[in-house]
Every structure is written in C-alpha cells, then in structure tokens.
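Notes to accompany the following structure.
So you know, we letter chains A, B, ... as the sequences are listed, proteins then strands, and number each from 1.
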Amino acid sequence: MQDYLNGLNEQQREAVLTTDGPLMIVAGAGSGKTKVLTTRIAHLMAKGVDAFNILALTFTNKAAAEMKERIEKILGNNEARNLYIGTFHSVFARILRAEAHRLGYPNSFTIYDSEDSKSVIKAVVREMNLDEKHYKPNIVLGRISQAKNALVGPLEYKNDFQLQQEDMRSSRPAIAEIYKAYASRCFKNGAMDFDDLLLKMYELLNTFPEVLSRFQHKFKYILIDEYQDTNPVQYQITKLLAAANENICVVGDDAQSIYSFRGATIENILQFKNDYDDVKVVKLEQNYRSTKKILHVANTVININKGQIPKELWTDNLEGEKIRVVRSMTDNDEGKFVADTISEEELRNHFNHGDFAILYRTNAQSRAMEESLRRRGIPYRIFGGLSFYQRKEIKDFIAYLRVISNTRDEEALKRIINYPVRGIGKTSIEKALIVANEGNITFWEVLTKAAQYGFRAGALEAINKFVLMIQYFQSLLRDKNAHEVAVQVGKHTNIVKDLFNDKTTEGLARYENVQELLNSIKGWVDDQENLSQIDEDGILLDNVDNRNAQNAMSLGAYLQQITLLTDADKDEENDNVVKLMTIHAAKGLEFPVVFVVGVEESIFPSAMSINTREELEEERRLYYVAVTRAKSKLWITYANSRYKFGTVTQNDPSRFISEMPAEYVDNSYSGAGHFNVPQNNMGSAYERMNRTYTKKSDFSADSTNYNKVNSGFSAPAKKSVLPTQAPKQYTPVQKIHQPTVNFVASSPALIEAGQTIEHQKFGFGKVLSVDGASHNPIATIAFAANGEKKLMLNYAKLRIVEG
DNA sequence: TCAAAATCAATTTTT
DNA sequence: TTGATTTTGA
C-alpha cells in the first residue's frame, strides 16, 4: 500500500482508488476534496499513467496551482509539470493557440477581457444607430454571454421565438443583431472573448473529428473540480473529450453551486449519474474544517433548500463556540466593531492577522472595512477588484504588445493610436474606422494604406510614422525576445519616460506598475526558456522552426495568460494580513476566524435575487459557503443603516440570520450592547469632516497592495473642528477679476466654509459651504463678481485669502 | 486638442 | 458618493 493513502478515511480512499470509469465525488465543504483529487492524480501516475494523459480542469488558477504543488510534493519530483492542470479557460486557450487557424482565427488571436468586449459592443451599438442608453454594454454583453454559454449562436438566437419574445418584452429587440455584429467584429479583430474560449473549443472538437479523436486519446483521464459550477458548453466539451475512455471523475458539491449568473447549471451535477453507464458515486461527508456548532448551523440552513443530493456533514472536531450575531448602528460602526474585535482576538487569543477573513456579498462593502482596519493599523489585503493587468497604464502598455502580436486587434489599436499623443485625433480615427467598416478591411490595413484615403497632411504623416513604429517593433521579434521588445516599446514611445517625469503620487505608482509589468515579462521569458519548448503532441509550439516564430509565440503566449489572470492568483510574500474578499472569491478557502458582514435583506440576499425560488436558493447556498469558510470562530454582522450612493438606507437583518438554529447562536451582541453605543454626534461629525478632507492619494490608490501600518494615514494638517468664528461681512471687491500677481493655489485640505478665497477666474468670493466628497468636494461660493456658484474645488485655481 | 467643468449613471457575484 | 462620460472653452 502506497503511503500517500495513509491518513485518508474510507470514503476518501475509495474515491482515490476507483480510477477507471465514470466517478462522481460528492464532496461536502471542508471534506478534503483537494486532497482526494491530488492524491488521485498521484495514484494514477504511480500506477503508470503518463502525466501527458491526464487532464484536470478547475475554475480558478489558484486551485490549479495548489493541485500542482501538492502533487509534486506527493510524488517528490517534477513530473507534475507535464500534467494538464488548469482552468477551463486557460487550458482551452492553450489548445486553441495551436488550433485556432482551423476556425479561421489567427493562432496569435487576442483574448478580449470584459472591458474590451464592452467597448466592442458599444462601438457596434453606436454604428447601428441604436439608443446607447437602452443598449447598455453590460446588459447586452450579459445576454450574449448567456447565449454563448448555452451554445446558442447568433442565428439560432435570432430564430428562437422565446428569446425574441424576451428581448421584445425588455424592449431590446435588436440584441440578436448586435450579437451577430459583435461576433463578426471579434472575428474580424482576430479576438476571442472569455466565452469564446469555451465556445470555440467546442466548435473545434465538434467540427473536426480528427482533432476530437486526437484529444480524446491524449486525455485518457479527465478530472473536473467544482463540477456544480459548469455551464452547458463546459459540459458538452467534457462530454466529448471523455467519450472515448469514460475515465471521467467529477468532484462537486451541489450545495456550493453559486455561479448560475455565469451560466452554470446545477443540473450538470444532479444529472451526472444519467450521463454514463455505471457511474460510481462516492460521498465525502466528514468535515475536517469547522467546529460542530458551525457545521450544524450550516447544515440546518442549507437543508431549507429543496432538491439536493442528500448528504449530512459531520465532524470529529471540537464543539466550538456559538456563532455570534452582531448588530451595529451604521456600516461604519460595523467596520469599527470588526476591527476592534480583530485586535481584541489577537491580544486575548493570540491570533495573527492572517487568521482573519472578512467576507461580504458585494465588493462595494469593502470600503467601510478598509477604513476601520486602516485606522487601527491592522494590515490587510483585498482580493478581487481590478487585477494588476486591468489597470489603465498596464492595459495601455500591453495594448502595444497586443498590436505587435496581432495587428487585427482593433481595440488595442484604438487604445494606443494616439497614446502618447502623436497628433492622430478623434476625427482621423473616426474616419479610419468608417473606411475600415465600409470596405470590410481591418483598422490596421486602413492605417497602412492611409495615403489612399485622403487624410489631412499632418494626420497622414503621424499615421505613417505610427505604422512604421509598430512594424519596427515587429521586426525586433526576429532576434529579440518578448521582454526586450517590451523594453524597446517603453523607450520608443516615451511612455516610461513620461511616467517617470510625473511626480505625483499616482504618477509614481503608475511608473512602478509599468516597471513591474516589464519585470513580469522578463520573468515569463526566463521561465519559458527553461521549459521544454515542444510539447509531446505539439500543442504548444507547432511549426516552430526559427527564432522569430519562437519569440512571437512567446509574446503571444504571455499575452494570452495574463488576460486570464486574476489578482487573487498573485501570491504575496507577506501573507500574514487580514483578508477581505467577496464570498464568491472565498470559495475553496478556509480561515480560523471569519466575519461575514452586511448580512442584511437586499444585500444578502441581494435585492436582485429574491424574485424566484431558484435565485433565493442560490443566495442561501452562498450563505452556506460563507458559513463553512470558518474553522473555529464565526461572526455574522449587520447594520441598521448604511450609506448607499450617498443616502442613508435601512435594511432589516437578513432572513438567513433567523434561519440559523437559535441554540447555536449568541445574540448577546445584537441588543446594542456597549459595543454598539453609537458614537456621539461630535465624533461622527469629526470623522465625516476628516474624511472630507482626506485626499485619495493618502490612502494610496492601490488598495490591493499590502497596506503599511501607519502609512501616513491620519488627519491632514491641523484643521479646527471647532465652529468657525462668526462669518465676516462680505464686501464685494471688483467686477472683473485680475488674478493677484504670483497667484499661488492653496492646499486642497484647507478649503472650508467661512473662508474668503480668490479664484483665478471668478475672483474673490466667500465659501458658504463645502460638501461631499473626499474625491469630489463641491463648494458653494458667493462671488463678488457673479453671485453664488457651486464649484467643484479645482484647487489649482483657488487661493485662500482669509480664514 | 486638451484639461476642466458639468452632467450622468450605477450599484451582484467572475473566468 | 463615487466614477465615467460628455460638454465646454481656450
């Protein structure tokens, strides 16, 4: 008996050892699912199965990385690197990179992230002369995405009576047309969006029997993690791939299906038994993660849902403490409570920062938490939100690389054609786009033949220079690798220099980000050179016969993988920080102490998901996921009132709270105990005022980075909280204003009601009030020359004269 | 053509 | 309250 089987319970062992034929592992939360999956792969390899013949699909890069790492540990060698372990998206992207030409795409196709997709939709809607207010990119893209995930093409979409009815009812009848135009525009651009990576993979397998057969024989063993989250395309693809050998093992927990908005159907896991003959089902019901109390609460809540695979999780763990439900007055109090409690737990019970997680339903809720943690000087990290590669400066830079790699990429071209400014203005761009559309040629082609289309002399020259520059970069690929080319791009375009010269805080951060990007490319290139260049079956590098092609492939592969990367995938060196994330992002993770915050009706469950039973059940599953993240301590918090777009709103505590069995819940915090005494008005007014005067840069725009303790956060300069002295009599000064000689703007932090100021343009005036807004302060000012005005405080133009 | 100012729009979850 | 987008004015 191999010793990697030691330490597995009976069910887990069975799941590992059943290697042949279809297998479904129903794995409850915290039941050691990853362990089973990885042991299973290791076992297959120990039995002599070649790593090349194993395909493991996950939903996140993180899960994939974790699996690889564990397998290497078990095997004690490097064999694992030959495994195909990755997300659906990344594995398929990799395959498509070699096969896309069969579908008419360039093998160097670009992957569009949702921002690119939306931009294309916007352009299409505009061109079709549709109402942009009505056809919002988000909504349209959502609809198209749903269609793609359900394997519905533009034509089928258009011909489907019910779909058309739905679109009519929401008075968006043109979606079918937009879908069609969007798809062909992406195709023309040589680009695939996220959904295409799945859809085109399916088309590939479905259209080319020889390709299908090749991959069927390559992937003799298929494992799929989080099977409950698969959507119809993913389902069809895996079904095709598994058809020859039927060595398919799916792992999932129907109780944790929380991605239906992305097209996932829980049906896939519920029906798995009917898809193959002799499906073996193994249930993992022992939980190794949580205390008895936490588990019991989770079980009780989830059992309210109907139609699940029956299972009852149990644990040998300690009884544990009751779940604490905490009410606070406002969202800020809630944040304060959480921060205070974390400090207290650290002191009393010797927890580390890294033992805590704060989970919320929506990303917007992170703000209040962030603020309170910062005040207390507790280091934290936010997961989710914008990934590094989605930041503007990074996307701009990458757009150059995208164009070099694939000149058909119109979105990237549009980004950089006049960045940095080179005199190709809006008019010229519009014109080129129109020519491209009418002649059905690419934007790039128009640019290369600009002379034919009668641009203004200046613009023409600029365009030609631009085209030459891109071509020069392309030629560099002949004997330079992706990193060297990127460095040249930075130099030639002056992007790096410009950013370097921008000495503002944001400018500095942008400069550093670009440097980091260059480093990341370097790292990638170095890694590549260490890896074996040729896959056994030639998936990765077909037709590589010269250095040029290799460099180009390398650049393309780099671009491909970064679009599929999320922020959470970056492992940070210092992990001992409080973690903030959405519940969705927390799936698959565990923490000793968990705070679930904002557990209120209309937030959780979300107001958008209380209309049907199905939606509500999904929210409940999400709650189940949240609760089962906790190992030993669990806090559930809600606030009586919170700010929502500037206005105070009130929510009832979530129904999920009352669904928890009372004997496991500690309510003593809910009755507004000492923790909840609202701050007196002075205090909160002080806080509010301070917030008003805090510049964003003080907080560092980069919220994803580990925040330094005492990073200079504190109320800016001295500012009196006391009432200002009686307003001075206001005396008109002059009618037409001549700025004072040596006009020097005042510091933004200091503008406040009661002051007399000088505005560069409007002259002297008196500040009546300042409201809002750390980022958008607006002042009402009475000007001598032209009366009362509401102005956004453009500090460059304001000077305090008195007060 | 660009920055500043004014207006508008959004708020679920993510590969 | 924010941020993004459009309009504006030089």
* B/dT13 base / A/Arg262 side chain donor-acceptor hit below 3.5 Å -> no
* **Validation row: A/Asn651, A/Ile603 side chains within 4.5 angstrom (heavy atoms)** => yes
* Residues A/Asp116, A/Lys395; criterion salt bridge (Lys or Arg N to Asp or Glu O under 4.0 Å); working and verdict -> CA-CA 10 Å; A/Asp116 298 315; A/Lys395 272 206 96 166; 3.2 Å; yes
* Kindly confirm whether the side-chain ring of A/Phe59 is stacked on the base of B/dT15, judged by centres under 5.5 Å and planes under 30°. => no
* Asked: Are A/His584 and A/Tyr259 close enough that their ring centres sit under 6.0 Å apart?
  -> yes
* When you check the phosphate oxygens OP1 and OP2 of C/dT5, does a side-chain N or O of A/Lys122 lie under 4.0 Å from one of them? -> yes
* Asked: On DNA chain B, nearest-nucleotide positions of A/Asn363 versus A/Ile424: which is more 5'?
  -> A/Ile424
* Asked: Are A/Asn149 and B/dT15 close enough that a side-chain N or O sits under 4.0 Å from OP1 or OP2?
  -> no
* Asked: Is any side-chain N or O of A/Thr582 closer than 4.0 Å to OP1 or OP2 of B/dT14?
  -> yes
* Does A/Asn138 make a side-chain N or O approach to OP1 or OP2 of B/dA10 shorter than 4.0 Å? -> no
* So does A/Lys136 get a side-chain nitrogen or oxygen closer than 4.0 Å to the phosphate oxygens (OP1/OP2) of B/dA10? -> yes
* Asked: Is the distance from OP1 or OP2 of B/dA9 to the nearest side-chain N or O of A/Lys133 less than 4.0 Å?
  -> yes
* If you measure from the C1' atom in C/dA4 to the same atom in B/dT13, how many Å do you get, rounded? -> 22 Å
